[in-house]
Amino acid sequence: MCSHVPRASQGREPPLTVHHLDQLLLVCSLVLLVAVAAVRVSSRSGLPSLLVYLGIGVLMGQDGIGNIHFNNAEMTQVIGYAALVVILAEGGLGTKWKEIEPALPAASALALFGVAASVGVTAAGAHYLIGLEWRQALIIGAVVSSTDAAAVFSVLRRIPLPARVTGTLEAESGFNDAPVVILVLAFSKAGPIEHWYVLVGEILLELAIGAAIGLAVGWLGAWGLRRVALPASGLYPIAVMAIAVMAYAAGALAHGSGFLAVYLASMVLGNAKLPHWPATRGFAEGVGWIAQIGMFVLLGLLVTPHDLGDDIWPALVIGLVLTMVARPLSVVLSLVPFRVPWREQALMSWAGLRGAVPIILATIPMVNGVDASRRIFNIVFVLVVVYTLVQGPTLPWLARMLRLGEKGEASDLGIESAPLERLRGHLLSVSIPEGSRMHGVEVNELRLPPGAAVTLVVREGKSFVPLPTTVLRRGDELLVVATDPVRDAAERRLRAVAHGGKLAGWLGTNGAGAR
């Protein structure tokens, strides 16, 4: 796969020994530790962590201190696809249906019409400004038209944004991978490119098949997990991830969009209130981080830095066309029917960060033997790195300038649930964030339904049993015990008070719609 390549190694490969395995495990563990530590650095600097992981891969490569020679594009593509499945599954599990439901029409328009506009404008710029052939220009246009939610929200995680903005960006990133993959595969095939209406038909058919399979697998999986008592709580996270991966495999085997299938199946599972959900969510996040780190390091290994010099200028020009023309135009055209305020459109235009997906998709023409495929990969690599460096740190500033990240907006209430199977109840762990209107509310003013009660309050590291007159404060953590029949009603009531205060319900405020 990858190794130090001596000139004398012309014959048979030496057998793999336990000593080699020890070295491999040592290198992998060191890379993971450095990558985990880099998350802290990226969070403070405002840069998406993908750049740090790519940098680690480049440093380990043939032009870096590791001097590892690796040029297997096919293996990179396979591992990248597998990692992308895990990342989409983790993203779907963390997606809240109530946040993206109002944004689904706008996100679908961005993922279809927005992608088409972006591909056309970017390809035209690559052809007329850089002089690339139309096939190469269309491949680049398609490759860079997929956005990366992980990169966007790693920068904006500290800024509260309107639900419509976050929901639209999140859903768009989950939906637009599917049509982009279809376009890149179509443009990378040998022979003439199919007519546009044939491509549109293929895209719509594959999306429909993938959506149907994803929703079906997610619903059946959630139905089964709620009714089958597994012998150990640690088996639930494994089962959930297995169901999500099964959705991808089933969608792909049915000639549908596996990426859309895994995202929708995971979203259904994530909103199904499954047993041992905190453990499942934590496991999915951990696996997602490992997938991201491994994928980006491998992509960094694949690039050859000393070959990038001639492709820096074309990458800057194409990126400028994409960022300043194609992305804003696609946002404006796609959102015309939805009357989205111009400030939100401006932020969505600038928030079109590119991450792992474009670099992975750039390996497809390399595997298919497209002319100048290595140049396409280099251009995409430089484009992603440079424009992430430009856009990432400026996104919080732009949100503040557009007054879309104002303080005082009610934050969502953090609620985690663990089943008490033998007692037929649930233990809800509730965190009261900054800006929550639950601050200043007495326990008896929560008006929880009969069968639910606040049993413990943790404040500044100390825990105590609250009285009915205990006043809740921001930063408190509550333990609420609820019986099975009232579990959902108790959570809805808690969210309603968090957004509407003690008078929630009397003033028409509820937990689902308060924003």
Side-chain angles (χ1 to χ4, degrees), residues 73-74 76-78 80-81 84 110-148 172-173 175-207 209-210 251-252 255-260 299 302 311 314-315 317-319 321-323 325-327 329-330 352 354-384:
E74 187 172 2
T76 304
Q77 180 183 330
V78 172
Y81 269 41
L84 187 57
L110 282 171
L112 293 174
F113 304 111
V115 163
S118 180
V119 171
V121 174
T122 306
H127 176 72
Y128 291 109
L129 298 179
I130 304 301
L132 295 179
E133 297 180 0
W134 271 115
R135 181 183 293 272
Q136 300 166 4
L138 287 169
I139 291 174
I140 289 182
V143 163
V144 298
S145 292
S146 182
T147 58
D148 190 333
E172 179 202 5
S173 66
F175 294 162
N176 65 10
D177 292 343
V180 165
V181 169
I182 297 170
L183 287 175
V184 175
L185 287 171
F187 295 151
S188 300
K189 290 179 181 177
I193 299 175
E194 295 177 313
H195 295 293
W196 67 269
Y197 50 85
V198 177
L199 282 178
V200 170
E202 275 188 29
I203 291 174
L204 293 178
L205 179 61
E206 292 195 22
L207 291 179
I209 295 174
H255 301 287
S257 172
F259 292 120
L260 183 60
L299 291 171
L302 187 62
D311 299 316
V317 173
I318 295 173
V321 173
L322 172 68
T323 306
V325 182
R327 173 66 180 179
L329 183 63
S330 66
R354 272 67 193 169
V357 179
I359 305 178
I360 293 173
L361 296 182
T363 63
I364 293 178
M366 296 175 65
V367 173
N368 290 356
V370 176
D371 292 339
S373 58
R374 170 57 73 169
R375 188 186 185 197
I376 293 174
F377 180 86
N378 290 343
I379 289 175
V380 172
F381 185 89
V382 173
L383 188 154
V384 168

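By the side-chain contact (heavy atoms from CB on, under 4.5 Å) test, Ala73 pairs with Met366, Val367, sequence neighbours left out.
Taking every heavy atom of both residues into account, Pro365 and Leu361 meet most closely at CD-O, 3.4 Å. Counting all heavy atoms, side chain and backbone alike, Ile364 lies closest to Gln77 at CA-OE1, 3.8 Å. Pro358 and Val143 get closest at one heavy-atom pair: O-CG1, 3.1 Å. Pairing each heavy atom of Val144 with each of Arg354, the nearest pair is O-NE, 2.5 Å. For the residue pair Leu260 and Leu207, the shortest heavy atom distance occurs at CD2-O, 3.4 Å. Between Leu138 and Phe187, the shortest heavy-atom distance links the atoms O-CD1, 3.6 Å.
In this structure, Phe113 places its CZ atom where only 12 or fewer heavy-atom neighbours from other residues, nucleotides or ligands lie under 6.0 Å away.
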N/O donor-acceptor pairs under 3.5 Å from side chains in residues 368-377, not counting sequence neighbours:
from   : atom 1 : to     : atom 2 : distance (Å)
Ser373 : OG     : Val370 : O      : 3.2
Arg374 : NH1    : Leu302 : O      : 3.3
Arg375 : NE     : Asp311 : OD1    : 3.2

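The structure places OG of Ser257 at 10.0 Å from CD1 of Ile209, a figure rounded to the nearest 0.5 Å. Atom CD1 of Ile318 and atom CD1 of Ile379 lie 4.5 Å apart (nearest 0.5 Å). Of the inter-residue distances, the one linking Leu110 atom CG with Asn176 atom CG reads 8.5 Å to the nearest 0.5 angstrom. Leu329 CG to Leu322 CG: the interatomic distance, rounded to the nearest 0.5 Å, is 11.5 Å. Interatomic distance, CZ of Arg135 versus NZ of Lys189, reported as 11.0 Å (0.5 Å rounding).
Salt bridge present: Glu172 and Arg327 bring a charged side-chain N and a carboxylate O closer than 4.0 Å.
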Go through the steps to decide whether Phe259 and Val180 satisfy the test side chain to side chain contact (heavy atoms under 4.5 Å, CB included), and finish with yes or no. CA-CA 11 Å; Phe259 292 120; Val180 165; over 6 Å; no
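The closest side-chain heavy-atom distance from Leu383 to Ile140 is not below 4.5 Å.
Screening residues 112-130 for side-chain hydrogen bond (donor to acceptor under 3.5 Å, both in side chains) gives Ser118-Ser145, His127-Trp134 as the qualifying pairs, with residues at least two apart or on separate chains.
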